[in-house]
Amino acid sequence: MTRTKLASVLLGTAAAAALLLSSAPASAASTATKAGTASARAGIERDSVSCSKPKGKWANYSWGEGNTTATIYFNNHCSHKVSVKIMFVRKGSVGDKAAKYRCMTVNGNTKGKKKFYAAAYKPYSVTRVARCS
């Protein structure tokens, strides 16, 4: 094979590889967008509270609702217990936000989940409190 033919073959191969690689990020981006849309459709919401110690760390909460229950998932990056007040709002309420509250305390450096039975209510927000009483 001559030098000219070898150069054209290499350039042709490089162009084909560039086309394949340039389409891969687009499909990966569209897959990521579809996954984000699917989680938004599933109704997964998130909230966080900051830690006292160590600074810059967070206790993270997320939830999804079922027909008669709501599961709160937590991941506490703090080195201490964190107590939060979870606000549940009545499903279907538009302006009045009829609410009830539940309290949850999680140990430091732990993650897990807790199920709440709230058929007519859905989780709305998480607020830090000094302690659950």
Colleague: Distance check, rounded to the nearest 0.5 Å: Met87 atom CE versus Lys122 atom NZ?
Modeller: 10.5 Å
Colleague: Cluster question for you: counting only ILVMFWY and a side-chain heavy-atom cut-off of under 4.5 Å, with indirect links fine, are Val49 and Ile86 together?
Modeller: yes
Colleague: Find the distance between CH2 (Trp63) and CZ (Phe74) and round it off to the nearest 0.5 Å.
Modeller: 14.5 Å
Colleague: How far does NE2 of His77 sit from SG of Cys51, to the nearest 0.5 angstrom?
Modeller: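 Reported value, rounded in 0.5 Å steps: 8.0 Å.
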Colleague: Would you give me the side-chain donor-acceptor pairs under 3.5 Å for residues 102-116, sequence neighbours excluded?
Modeller:
{"from": "Thr105", "atom 1": "OG1", "to": "Ser83", "atom 2": "OG", "distance (Å)": "2.8"}
{"from": "Thr110", "atom 1": "OG1", "to": "Asn107", "atom 2": "O", "distance (Å)": "2.7"}

Colleague: Roughly how far apart are Asn76 CG and Trp58 CH2, rounded to 0.5 Å?
Modeller: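 Spacing of CG (Asn76) from CH2 (Trp58) equals 13.0 Å.
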Colleague: Evaluate the side-chain proximity of Asp47 to Ser125: yes if any heavy-atom separation is below 4.5 Å, no if none is.
Modeller: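 In short, these two side chains touch, coming nearer than 4.5 Å.
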Colleague: When you compare the side chain of Cys78 with that of Ser52, does any pair of heavy atoms fall below 4.5 Å?
Modeller: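 Sidechains of Cys78 and Ser52: no contact.
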Colleague: Measure the spacing between CZ of Arg128 and NZ of Lys85 and express it to the nearest 0.5 Å.
Modeller: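 Rounded to the nearest 0.5 Å, the CZ-NZ separation comes out at 14.0 Å.
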Colleague: Using a 4.5 Å cut-off on heavy atoms from C-beta on, say whether the side chain of Val84 contacts that of Tyr61.
Modeller: yes
Colleague: Looking only at heavy atoms, which two atoms of Ala98 and Tyr121 are closest? And how far apart?
Modeller: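 Heavy atoms of Ala98 and Tyr121 come nearest at O-CE2, 3.7 Å.
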Colleague: Report yes or no: do Tyr101 and Val89 belong to one cluster of Ile/Leu/Val/Met/Phe/Trp/Tyr joined by side chain heavy-atom distances under 4.5 Å?
Modeller: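 Yes, same cluster.
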